[in-house]
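Letters go in sequence order (proteins before strands), and every chain restarts at 1.
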Number of protein chains: 2
Amino acid sequence: MAAQDADIFDDMRHRLITGEFGYGTKLRAEKLRQDYNCSASTVREVLFRLSTVGLVEFQEQRGFRAPVQSVERQHELTHMRILLETEGACLSIRMGGVEWESRLTAAHHKLSHIETRVRSSGDLIPLLGLWSRAEQEFHETLIDACGSGLLKRTHAVIYEQFRQQLVSAETNYGYFPENIREHQAILDAALQRNEDLMRVCVNDHLARNLTRPLPRKAQPERSSAI
Amino acid sequence: MAAQDADIFDDMRHRLITGEFGYGTKLRAEKLRQDYNCSASTVREVLFRLSTVGLVEFQEQRGFRAPVQSVERQHELTHMRILLETEGACLSIRMGGVEWESRLTAAHHKLSHIETRVRSSGDLIPLLGLWSRAEQEFHETLIDACGSGLLKRTHAVIYEQFRQQLVSAETNYGYFPENIREHQAILDAALQRNEDLMRVCVNDHLARNLTRPLPRKAQPERSSAI
DNA sequence: TTTTCTTTGATTTTCGAAATTTTGCGCGTA
DNA sequence: TACGCGCAAAATTTCGAAAATCAAAGAAAA
């Protein structure tokens, strides 16, 4: 039987992303050991690997726990996504060819199809898994031609944590019409190869997750007082 | 005896950053187990934790190895540093107060002092450790007031990998005069609270690590050919 | 009653060996 | 010679228990 480690890893990741564990709760090794019928060391390893991608937090001598949910964390994740995704999308515009445009169009088509079904049925929950995967693929394809594996990996890590925040909060599921429009706008910006427009579109799309605005840009040459 | 895990972690990190292990070489658990006189599992854990911060690479069923050094990797790390550090510095300008300015000035003073000594003595090697730490502190202070722990942690991870690349390559140590000027320019931009200038300064400072230029910005509305 | 110390129970960390998987080498065959 | 097969050695992964550490409850002192 091959690599049970990997299976446990995937399952645990799924459980974490779906928000099965209360935020901030301790991940007791003994409990998980029973769940998966394996040894404590194996659980420990898996938890270490999950901490690699920010899905669990580790503290020396006091174990592992699911990250705490907070407005601050959501803001930081959103901010980072904006930073990485605008950069990645613009680089893709510069470096990607027709092949990239084609893949992005395909991903958008799939996503769009699901979103239409969601809107017409009026019920999101049954299609949540499908939609979630389709949106992830669209956003990952968007930055896929950026030419930097590091940027893509970093984005993937942030994206999962972001999703972990949202899924349980079940926020922003009332925004489907906006979502559809915004995804379309991003695709259009890509096909027009308009970087400035792309930055605006991605920013607008993601900034909806901010409950308060980002700090505004200060005036240059200003006094340095408080 | 307290937390030997942590000690081994720190020592291994140091060995990795100093480039003791050839790039791409396998990190044999057995060898390290003897070095530290501990069990295989402990070594394994430490290696997992080091992979958390990108200092070693892990592949299922085929162990750990030091990351391979390559021009591409160096470019990607540089690019990411530019992205994170310009953003962090500009946010610090917006959000940081006099207290931040003060800390940055202090960090620069320390760094500047060492750089002057290096230049006058003409020999970098004996001060390499000191200089390296001082530069790290300057760059971390630069983004310290940005308000996002996530941004700072991500930057720290990238920074260490970046340093890992440089130390052994021993590139760019002939650039001390430029370094001194550029660090000064960054400090000035911060005290003037000029974000645009800051972007230029940070970019210039880091872009020296690129052997070929980043892709230029495409013209909007261009045809999508090629 | 409040504070500090101690004991006890629970959790985390470390260990060394067994089980599993990969890797390298030799052998036979086309 | 080139190619594939299978065996043996080496490396990785998993295990269950022992050792070390932390946290909570209770006792003693102020």
Under a 3.5 Å distance rule, please check whether B:Arg33 uses its side chain to pair with a backbone N or O of B:Ser39 as donor and acceptor. no
Should the pair A:Phe64 and A:Phe48 be assigned to parallel (<30°), tilted (30 to 60°) or perpendicular (>60°) ring geometry? perpendicular
Identify all pairs in which a protein N or O lies below 3.5 Å from an N or O of nucleotides 16-19 of chain C, and state each distance.
| from | atom 1 | to | atom 2 | distance (Å) |
| --- | --- | --- | --- | --- |
| C:dG16 | O6 | B:Ser41 | OG | 2.9 |

Are the charged groups of A:Glu137 and A:Arg133 less than 4.0 angstrom apart, N to O? no
Between atom CD in B:Glu60 and atom C1' in D:dA11, what is the gap in whole Å? 14 Å
Please state how far atom CG in A:Asn37 lies from atom C1' in D:dC15, giving the value in whole angstrom units. 11 Å
What parts of residues 42-56 of chain A reach DNA chain D, counting only heavy atoms under 4.0 Å away? A:Thr42, A:Glu45
Starting at NE2 of B:His79, measure out to CD1 of B:Ile158 and round the result to the nearest 0.5 Å. 11.5 Å
side-chain contact (heavy atoms from CB on, under 4.5 Å) partner of B:Met80, the single match among B:Leu77, B:Thr78, B:Leu84, B:Ile82: B:Leu84
Any donor-acceptor pair under 3.5 Å from B:Ser92 side chain to B:Leu142 backbone: yes
Would you say the side-chain atoms of A:His205 and A:Glu85 include a donor-acceptor pair closer than 3.5 Å? no
Report yes if at least one side-chain N or O of B:Arg62 is closer than 4.0 Å to OP1 or OP2 of C:dT23; otherwise report no. yes
The ring pair (Phe, Tyr, Trp, His ring centres under 6.0 Å) partner of A:His139 among A:His183, A:His155, A:His108 is A:His183
Looking at B:Lys26, does any N or O in its side chain come under 4.0 Å of the phosphate oxygens OP1/OP2 on D:dA10? no
If I take atom CD in residue B:Glu30 and atom P in nucleotide D:dA9, what distance separates them, rounded to the nearest angstrom? 17 Å
